[in-house]
Amino acid sequence: MLEEFVPNAGGSAIRLKTGGTSSLSSPRKMQDIEGDVDERLVLPIAEFARVLGGGIVPGSVVLIGGDPGIGKSTLVLQMAMQLGMSIPVLYVSGEESERQIKMRASRLLDGTAALPDKLLLVTETNLDVILSHLSQTQPALIIVDSIQTTFLPEMDSSAGSLSQVRECASRLREYAKASSVSVFLIGHVTKEGVIAGPRVLEHIVDTVLYLEGDAFQTYRLLRSVKNRFGTTAEVGVFTMSERGLTEVSNPSEAFLAERLVNSPGSAISVTMEGTRPLLVEIQGLTSHTNFGNARRTPNGVDLNRLLMVVAVLARRLNLPLSEQDVFVNVVGGLKIMEPALDLAIATAVASSYRDVPVRADTVLLGEIGLSGELRMVSQIEPRIKEAANLGFKRIVIPKRLNNKDKRPTDIEVVEVRTIREALETALTKAMKTNKGIN
Ligand code: TYD
Ligand code: MG
């Protein structure tokens with residue numbers, strides 16, 4: 001939809017000549033500007049706080065994006081209920097009635113704990129009314145769920161349109177900066193992946209978090225993609241249960257919990273989510289193609305990487321995969337893009353094809369090159385450490401040229417040059433004598 005844009009003719013130059021200096025900004029010495037201490041609101045949900053950079057900065061605007069139904073309202077309601085015990089919080093919903101929100105809140109509390117006495121709820125979509133509620137109730141934090149249902153009546157376009165979403169967010173930002181109230185905006189990611197949508201808001205807000213996961217899996221990742229007050233490398237891990245979102249403080253353990261040791265087609269690797277290493281299980285399954293072209297079905301890994309890995313296995317190791325359907329799955333609903341997991345993908349597929357398990361105590365790391373060579377991955381040390389922490393005894397990694405790193409003592413580091421060597425050391429003995437890897 002096209003919308004008229006009226007440029008502000010003349011603009012600031014004219015104001016400068018005619019206006020006095022009173023309404024202008026004035027440069028100040030950096031030393032004289034207050035705010036050198038980082039005064040954040042303490043957030044009791046540790047995973048959430050970490051992703052925000054250590055709590056909520058007063059006057060900041062945080063956007064939480066995600067697919068509909070992923071748990072955004074649940075997450076902010078849990079936050080509002082905890083903060084509402086000590087500071088005034090206003091939860092504005094354009095999607096649910098006050099009654100519905102209260103019912104959800106009671107269910108989250110399981111009827112045992114008291115409801116927070118400083119949490120106000122209102123169902124409202126008109127931003128003018130919301131702003132007047134703000135000046136009346138003076139909360140320290142406001143949640144607007146969602147930015148797509150909020151509208152300014154003076155604008156012609158309908159709620160959820162690009163201009164409405166942008167203008168509403170800008171108004172709320174102005175309010176936040178002027179009053180030091182923290183604003184949380186919820187934004188649905190639409191089908192195309194844009195949030196007339198969080199994407200158009202990214203430059204307006206201070207922090208952008210995405211809640212991700214598979215609606216059918218219990219894990220949820222809270223990922224920071226922009227943060228003026230912290231690193232964007234952090235990820236918080238939660239599970240969704242009937243009592244809302246629960247923090248997972250040891251995600252590696254959780255992702256491996258249901259693993260079947262010694263079953264073919266399962267390989268363990270370590271992915272980095274920001275600064276945090278996470279052990280993940282990659283599953284591979286090959287099955288004879290019955291009709292026409294063999295299919296490659298990735299779930300949680302990139303299709304192109306899977307195609308490349310399968311091609312390398314076929315060409316360099318002579319695995320006849322052209323007549324096999326290949327499925328690869330990252331357990332727990334994680335989505336992994338980094339090439340460091342190539343080797344685990346290849347091993348899972350080869351293990352399934354040969355019907356020989358991967359050694360249960362072994363972790364695999366490495367990017368695969370087209371000649372079947374292994375390439376080094378980033379942040380190798382924290383990955384090795386995480387594998388050791390979780391009790392794995394061996395880790396297979398690409399050979400390092402100048403290896404001056406400290407060696408961990410509690411895990412055997414096996415350095416290999418090629419995918420062939422990696423498979424020889426990772427797969428259980430039975431296989432090599434059986435069919436052998438050519
Ligand atoms: P919701 O927070 O409403 O999603 P969003 O605001 O992102 O659209 O969560 C919706 C889903 O979460 C819904 O399908 C039910 C589920 N859910 C639970 O499994 N447990 C709970 O305690 C709650 C509140 C929701
Ligand atoms: Mg919602």
Side-chain angles (χ1 to χ4, degrees), residues 43-45 47-48 51-52 62-84 89-113 115-116 119-125 127 130 141-151 159-160 164-165 168-169 172 183-199 201 205 207-225 235-248 254 332-333 335:
L43 185 57
I45 310 173
E47 289 285 296
F48 196 173
V51 176
L52 283 170
V62 178
L63 172 68
I64 300 183
D67 291 333
I70 203 72
K72 302 179 294 297
S73 302
T74 308
L75 180 68
V76 290
L77 181 60
Q78 285 178 271
M79 172 184 80
M81 284 174 24
Q82 298 199 348
L83 290 173
V89 176
L90 176 62
Y91 186 136
V92 184
S93 179
E95 312 208 331
E96 288 157 300
S97 68
E98 289 131 20
R99 214 178 99 92
Q100 278 175 311
I101 302 170
K102 175 167 182 186
M103 277 163 52
R104 177 185 291 205
S106 310
R107 197 155 50 82
L108 290 170
L109 287 175
D110 198 21
T112 49
L115 288 166
L119 173 57
L120 298 173
L121 301 180
V122 64
T123 302
E124 183 56 69
T125 52
L127 188 64
I130 294 172
L141 185 135
I142 171 182
I143 294 162
V144 178
D145 184 1
S146 67
I147 192 68
Q148 279 113 342
T149 52
T150 310
F151 72 100
Q164 280 284 8
V165 163
C168 288
L172 284 161
V183 175
F184 277 70
L185 305 176
I186 303 292
H188 297 298
V189 181
T190 52
K191 264 273 184 297
E192 300 75 34
V194 286
I195 308 181
R199 276 287 133 72
L201 297 180
V205 302
T207 301
V208 181
L209 309 180
Y210 280 93
L211 189 61
E212 299 174 350
D214 192 324
F216 302 105
Q217 303 249 14
T218 56
Y219 289 106
R220 297 287 182 275
L221 296 190
L222 186 64
R223 198 187 290 276
S224 156
V225 297
V235 173
V237 183
F238 299 87
T239 53
M240 177 65 97
S241 68
E242 67 281 3
R243 301 277 307 281
L245 289 158
T246 315
E247 299 175 62
V248 179
K335 285 189 182 55

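First listed ligand is number 1; within each ligand, the first listed atom is number 1.
- Side-chain N or O atoms of Arg220 include one that pairs as donor or acceptor with a backbone N or O of Ile70 at under 3.5 Å.
- In this structure, atom 24 (C) of ligand 1 lies nearest to the protein heavy atom Thr74 OG1, 3.5 Å.
- Counting heavy atoms closer than 4.0 Å to ligand 1, residue Pro68 contributes backbone atoms (N, CA, C, O) but none from C-beta onward.
- Scanning both residues, Lys102 and Leu115, for their nearest heavy atoms gives CE-CD1, 3.5 Å.
- Contact annotation for Arg104 and ligand 1: only side-chain heavy atoms (C-beta onward) come within less than 4.0 Å of the ligand.
- Checked by atom type and distance alone, the side chain of Ser146 never pairs as donor or acceptor with a backbone atom of Gly94 at under 3.5 Å.
- Under the 4.0 Å criterion applied to side-chain N and carboxylate O atoms, Glu212 and Arg223 are assigned as salt-bridge partners.
- Counting heavy atoms under 4.0 Å from ligand 1, residue Lys72 touches it through both backbone and side chain.
- Near Gly71, the atoms of ligand 1 lying under 4.0 angstrom from a non-hydrogen atom of the residue are 1 (P), 2 (O), 4 (O), 5 (P), 7 (O), 9 (O).
- Contact annotation for Leu108 and ligand 1: only side-chain heavy atoms (C-beta onward) come within less than 4.0 Å of the ligand.
- For atom 21 (C) of ligand 1, the nearest protein heavy atom lies closer than 4.0 Å.
- Every N/O-N/O distance between Glu96 and ligand 1 stays at or above 3.5 Å.
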